[in-house]
Amino acid sequence: MKILLCSVPDGPLENTLQPLIPRVNRELIYKGYQSKASVMSVGILRILSWIEKNGYSGDIYDINNLRPSDEVLIKNFKRTKPTVVGLSATLSWCYPNVKRITKILRKLFPDTWIVVGGHLTASSNVVLRKTETDICIVGDGEIPFLKLLDYFKLHPTHSQIDYAELCQIKGLAFVDKINKLKVTGNAEQLSASEMPYPNLERYRLGLQKFGKNGELIHEFFEHIKNFSDLLEKFDSKHLVQGQLNSERLKFYKKITNKKFMSVFSSRGCVSRCTFCQRAQKGYRAYAANDFETYITELKEKYNVGGFILKDENFGSNKKQSYEIARIMKKHDFFWLPEGVRCRSVNYEDLKFYKDHNMVSIKFGIESGSQKILDIMEKKSTVEDIYNAISNCKKVGIITSPDAIMIGMPGETRETVIESATFIASLRYLLGMDWNIANSFLAIALPGTPLYEYCQQIGLIGETLDEEEDYLIRLCEGGLNTPILGYLNKTESSIKEVNYWLYLFHYAGLKAYIDLIIKNNKSIKNMLLQI
């Protein structure tokens with residue numbers, strides 16, 4: 001059995017043919033937008049590690065980063081002649097390329113099994129009926145894919161379908177014998193102790209085989225060649241006097257000429273925000289000793305000196321998070337978590353993390369209006385957010401309070417002003433300037449309560465063609481002007497929503513100036529600060 005695991009590009013087809021690696025390609029401009037950064041497909045690496053542990057072998061084809069033409073795809077597929085192809089469609093934006101790639105595969109190999117996993121499978125009904133996909137895996141892929149391989153042994157071609165047997169495998173979606181969508185429930189998940197870390201050597205071999213250059217593996221590391229590279233990694237445009245003390249400067253100098261790498265110390269999320277596309281159920285933390293083994297290997301093989309933790313909920317398992325911090329300090333790594341709930345850390349936690357080499361932290365704030373936070377089901381308050389940011393200020397941890405979402409159901413001019421005023425107060429607290437980052441518009445992703453709400457109020461159709469049309473519009477609509485691709489979920493006009501994007505900046509600027517005036521009795525000092 002020849003198994004091929006492929007990553008899938010996201011975005012419009014015309015924007016997904018220019019390779020993301022080598023990095024020089026990132027400077028190319030598509031319709032006014034810079035090309036995407038290269039991201040390693042960790043999901044297919046995890047699946048490959050698991051099936052290899054259980055007696056199978058396979059190849060990785062990183063279509064997402066190599067972004068080959070149809071001609072090159074055909075050439076590589078013909079050379080491989082896979083009997084099973086697993087496509088990792090991590091985002092709903094992958095739909096056009098799933099359609100493109102499965103069409104090529106089916107034409108070349110009529111009997112090959114084609115399996116799709118990732119967040120796109122929230123739209124399984126569309127994927128199964130509008131593309132050449134045979135089966136979707138909904139949720140974690142390791143256990144269902146392994147069981148499918150056992151099934152494929154007994155059923156070598158995709159025309160040999162035993163529906164009763166497929167129904168015994170949890171986590172699958174397929175069209176049954178009476179042409180109805182069948183979903184077999186949530187996928188079984190590996191326990192925390194079983195979750196494998198990716199084997200980068202297998203990824204390198206895939207890049208060598210299909211990209212003719214295994215050294216492209218180094219493109220997935222952030223190279224810190226000089227001081228400015230490092231400051232940029234820590235969002236230097238927000239740094240102010242005092243945030244770079246002598247201790248941190250010493251750390252920064254130590255890591256120059258080393259690399260940064262994105263890693264996970266946990267999987268899953270403890271929250272159920274209404275706008276968030278959830279593929280995994282529950283929350284699991286990697287064992288600290290496994291984490292230590294993995295990152296020390298990266299240090300030795302790739303000269304890594306720092307890590308970005310891509311966890312959705314770092315800090316939710318406090319015992320494990322403290323162990324991770326101790327490991328970072330033990331090996332003299334710098335680190336920053338990018339997904340932290342404001343209620344998951346207190347002053348003592350932040351101080352401990354800082355003392356153990358954490359230099360920056362990012363919280364999922366989303367809104368500065370309590371009304372909107374409640375609609376999002378964030379399970380946090382503006383007071384929780386303020387306390388978390390305030391504690392970062394006290395401890396001396398770099399953070400940024402931007403990245404605000406506008407346009408949720410219930411949004412009004414008043415809630416936009418509330419958000420802008422609140423974010424301005426956080427920036428003022430941190431000593432940052434008044435240039436608040438652009439807000440972004442709430443997108444209804446398939447599989448979320450927000451998507452279901454949009455269907456209920458008629459913004460998204462419920463027929464197969466209408467759902468497919470929405471997937472395509474997600475990829476192609478409003479890239480340069482986001483408001484053009486926005487589905488208006490509010491009770492205000494689309495003209496009013498567009499105005500909010502500008503109002504947010506203006507209201508934030510005004511609120512910031514009001515704080516300057518309020519906190520300075522001297523007119524001279526007010527003017528100097530302004």
Side-chain angles (χ1 to χ4, degrees), residues 1-10 16 19-22 36-69 72-91 94 97-98 100-102 104-105 108-109 112-121 133 135 137 140-146 148-149 152 190 195-221 261-264 294 297-298 301-302 310:
M1 185 184 300
K2 291 186 178 180
I3 303 165
L4 185 62
L5 300 176
C6 308
S7 62
V8 178
D10 59 276
T16 54
L20 299 182
I21 49 179
K36 291 165 55 65
S38 53
V39 177
M40 184 178 293
S41 184
V42 178
I44 55 177
L45 264 178
R46 288 170 176 160
I47 289 176
L48 182 61
S49 296
W50 184 248
I51 66 171
E52 287 185 334
K53 185 177 179 179
N54 288 273
Y56 291 96
S57 63
D59 290 314
I60 286 181
Y61 189 2
D62 189 3
I63 298 174
N64 177 45
N65 287 295
L66 296 173
R67 304 208 164 189
S69 64
V72 174
L73 269 179
I74 292 169
K75 178 181 177 181
N76 283 327
F77 285 151
K78 282 183 175 180
R79 183 159 56 100
T80 308
K81 296 180 181 178
T83 49
V84 178
V85 177
L87 299 178
S88 176
T90 53
L91 301 170
C94 293
N97 273 285
V98 166
R100 164 196 169 217
I101 294 168
T102 58
I104 291 172
L105 282 167
L108 292 174
F109 313 110
T112 291
W113 284 100
I114 302 174
V115 181
V116 171
H119 284 93
L120 177 60
T121 60
T133 303
I135 298 171
I137 293 180
D140 281 19
E142 292 97 333
I143 294 177
F145 193 74
L146 178 62
L148 277 176
L149 294 181
F152 296 151
L190 299 178
M195 294 191 301
Y197 270 105
N199 181 346
L200 298 194
E201 176 61 18
R202 300 296 286 115
Y203 214 91
R204 189 191 69 78
L205 292 174
L207 291 170
Q208 182 63 47
K209 183 171 183 176
F210 297 106
K212 298 181 180 179
N213 185 1
E215 295 308 301
L216 289 172
I217 189 70
H218 297 285
E219 298 296 317
F220 299 100
F221 298 87
M261 175 74 173
S262 296
V263 295
F264 291 84
Y294 180 59
E297 178 184 336
L298 292 174
K301 288 186 176 181
Y302 300 99
K310 288 291 187 179

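Position 1 is the first residue of the sequence, and the numbers go up from there. The figures here come from the full heavy-atom set of this structure, side chains too, leaving out hydrogens, waters and symmetry mates. The model shown is predicted, which means the values in this text are computed figures rather than measured ones.
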Where do Leu91 and Leu120 come nearest, in terms of heavy atoms and distance? O-CB, 3.8 Å
Can you list the residues that meet the side-chain contact (heavy atoms from CB on, under 4.5 Å) rule with Glu201, with sequence neighbours excluded? Asn199, Arg204, Leu205
ring-ring contact (aromatic ring centres under 6.0 Å, His included) partners of Tyr203, counting only residues at least two apart: Phe220
Where do Pro196 and Leu190 come nearest, in terms of heavy atoms and distance? CD-CD1, 3.7 Å
Nearest heavy-atom neighbours spanning Ile44 and Leu5: O-CD1, 3.7 Å
Minimum side-chain heavy-atom gap Leu200-Tyr302 below 4.5 Å: yes
Where Cys6 and Ile63 come nearest, the two heavy atoms and their spacing: CB-CD1, 3.7 Å
Within the 4.5 Å heavy-atom criterion, are Leu298 and Val263 side-chain neighbours or not? yes
Can you name the nearest heavy-atom pair linking Met1 to Leu149, along with the distance? CE-O, 3.5 Å
If I take atom CD1 from residue Ile3 and atom CZ from residue Phe152, how far apart are they, to the nearest 0.5 angstrom? 9.5 Å
Using side-chain heavy atoms (C-beta onward) and a distance below 4.5 Å, is Leu207 in contact with Glu219? no
Residue list, side-chain contact (heavy atoms from CB on, under 4.5 Å) with Lys310, at least two apart or on another chain: Ser262, Phe264, Ile308, Glu338
If you measure from CE on Met40 to CD1 on Ile60, what distance do you get to the nearest 0.5 Å? 9.0 Å
